[in-house]
Number of protein chains: 2
Amino acid sequence: MDISEVAKASGLPASTLRFYEEKGLIQSNGRSGLRRLFNPDVMDRLALISLGRSAGFSLDEIAAMFTSEGLEINRALLSAKAEDLDKIIKELTSMRDGLRHAAVCKAPNHFECPTFLRLLRIAGKNRSRQPNQLQKNKPGRDGQKP
Amino acid sequence: MDISEVAKASGLPASTLRFYEEKGLIQSNGRSGLRRLFNPDVMDRLALISLGRSAGFSLDEIAAMFTSEGLEINRALLSAKAEDLDKIIKELTSMRDGLRHAAVCKAPNHFECPTFLRLLRIAGKNRSRQPNQLQKNKPGRDGQKP
DNA sequence: ATACAAGTTCAAGTTAACTTGAGGTCAAGG
DNA sequence: CCTTGACCTCAAGTTAACTTGAACTTGTAT
């Protein structure tokens, strides 16, 4: 596959694929002239990277999991991450419920609403987590220029 | 309250509080000499900011919710965010389960495990989300220098 | 044969959310 | 009075994860 095929199939811009290669997250297996050639199973790697990112691993952490012999995941690390995720899920669930409530709450302002305040208190307990930013919808930023 | 009290109570370094003030996320209500004085209810604000961050809002989005008259949340936005969260929760749940499985999976490598592959496919569907990075454990970085 | 779209490299730019550093101020204690 | 520590400002630095731009090369279509 050439880079644009991989880009298309993965939804990632070519620049990201090059960047990932440079980081050692994926490999191209040879060139045709200058052009990288990718083995189709790079798609699995990319899926795995995507998974890892979604699960909160940094690219460096993911790279560390892909040791020399393909993929060799540290099982303890997986378990630990699963537990992290579980915690996050519980918090997000509280927040979702809190948000849903706040959206329909009749109190004159949210600080007078006991439900909302309870939510705040839950959120307050977990100050240790960094953002999980959602992608901004910058229009037309897909790696293809018009 | 002076800034160090707020810092202590909130767990945030003073530099972050100043930064938040500059961004308009919190206000100090006056000075004693140079020093900022904070009204105790800044703590509620901070809790709300923490909540917002955890729920995936950027600081700018949060700032936009705190309109002139204290906090005046756009209810439609809240609902929308609740739905976003719900989606994220579902995905994270799949991932958590997938990770738990992978951690104990007997297959010689994860690509031969159908459960893991199913997980990959789930993760693959959701390439639009940015990381939710967990805080690195940099030791001794708490805003207090020795 | 030549144009050109699609590759390539490498360095530098971007964004969010802070942090760090240099240099300055002030109130209280010795 | 003078030192000290906690605070201040403002500019610049940091990190992750990419993106952009400039300048160059190449396979393919005309």
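This is a predicted model, so every value here is computed, not measured. The chains referred to below are lettered A, B, ... by the order of the sequence lines, with proteins before strands, and numbering in each begins at 1.
Phe19(A) is linked by a side-chain contact (heavy atoms from CB on, under 4.5 Å) to Lys23(A), Leu59(A), counting only residues two or more places apart in sequence or in another chain. Legend: residues meeting side-chain contact (heavy atoms from CB on, under 4.5 Å) with Asp86(A), ordered by chain and number and at least two apart, are Glu83(A), Lys90(A), Arg96(B), Arg100(B). A search for side-chain contact (heavy atoms from CB on, under 4.5 Å) contacts involving Leu37(A) returns Asn29(A), Ser32(A), not counting sequence neighbours. For Glu5(A), the side-chain contact (heavy atoms from CB on, under 4.5 Å) criterion is met by Met1(A), Asp2(A), not counting sequence neighbours.
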**Study point:** Annotated protein contacts, base or backbone, on nucleotides 23-30 of chain D with a non-hydrogen cut-off under 4.0 Å, one of B, S, - each
**Key:** --SBS---

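Sorted by first and then second residue, the pairs that involve residues 31-40 of chain A and meet salt bridge (Lys or Arg N to Asp or Glu O under 4.0 Å), not counting sequence neighbours, are Glu21(A)-Arg36(A).
Put simply, CZ on Arg36(B) is 15 Å from C1' on dC26(C), counting in whole angstrom units. Regarding Asp60(A), its CG atom lies at a distance of 10 Å from the C1' atom of dT15(D), rounded to whole Å. To the nearest angstrom, P of dA6(D) lies 17 Å from CG of Leu37(B). We find that CD1 of Ile62(B) is positioned 12 Å from C1' of dA16(C), with the value rounded to whole Å. The interatomic distance linking Met1(A) (CE) with dG7(C) (C1') rounds to 16 Å, in whole Å. Between Glu5(B) atom CD and dA6(D) atom P there is a gap of 14 Å when expressed in whole angstrom units. Put simply, CG on Asp2(B) is 17 Å from P on dG5(D), counting in whole angstrom units.
Side-chain N/O atoms of Arg31(B) include none lying less than 4.0 angstrom from OP1 or OP2 on dT25(C). The side chain of Arg53(A) places an N or O atom within less than 4.0 Å of a non-bridging phosphate oxygen (OP1 or OP2) of dA17(D).
Minimum interatomic distance between Leu17(A) and Ser10(A) (heavy atoms only, all atoms of both residues): CD2-OG, 4.3 Å. Considering all non-hydrogen atoms of both residues, Ala7(B) and Pro13(B) come closest at CB-C, 4.5 Å.
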Practice item. Take Val6(B) and Met43(B), measure what side-chain contact (heavy atoms from CB on, under 4.5 Å) needs, and give me the verdict at the end. Key: CA-CA 7 Å; Val6(B) 178; Met43(B) 297 307 301; 4.1 Å; yes

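Listed in residue order, the members of residues 15-25 of chain B having a heavy atom less than 4.0 Å from DNA chain D are Arg18(B).
Residues Ile49(B) and Ile26(B) are in side-chain contact: their nearest non-hydrogen atoms beyond the backbone lie under 4.5 Å apart.
A donor-acceptor contact shorter than 3.5 Å links the side chain of Thr93(A) to the backbone of Ile89(A).
In the helix from dA1(C)-dT30(D) to dG30(C)-dC1(D), the rotation axis of the first five pairs and that of the last five pairs differ in direction by 20°, rounded to 10 degrees.
How far CG of Leu48(B) is from CG of Leu25(B): 10.0 Å, rounded to the nearest 0.5 Å.
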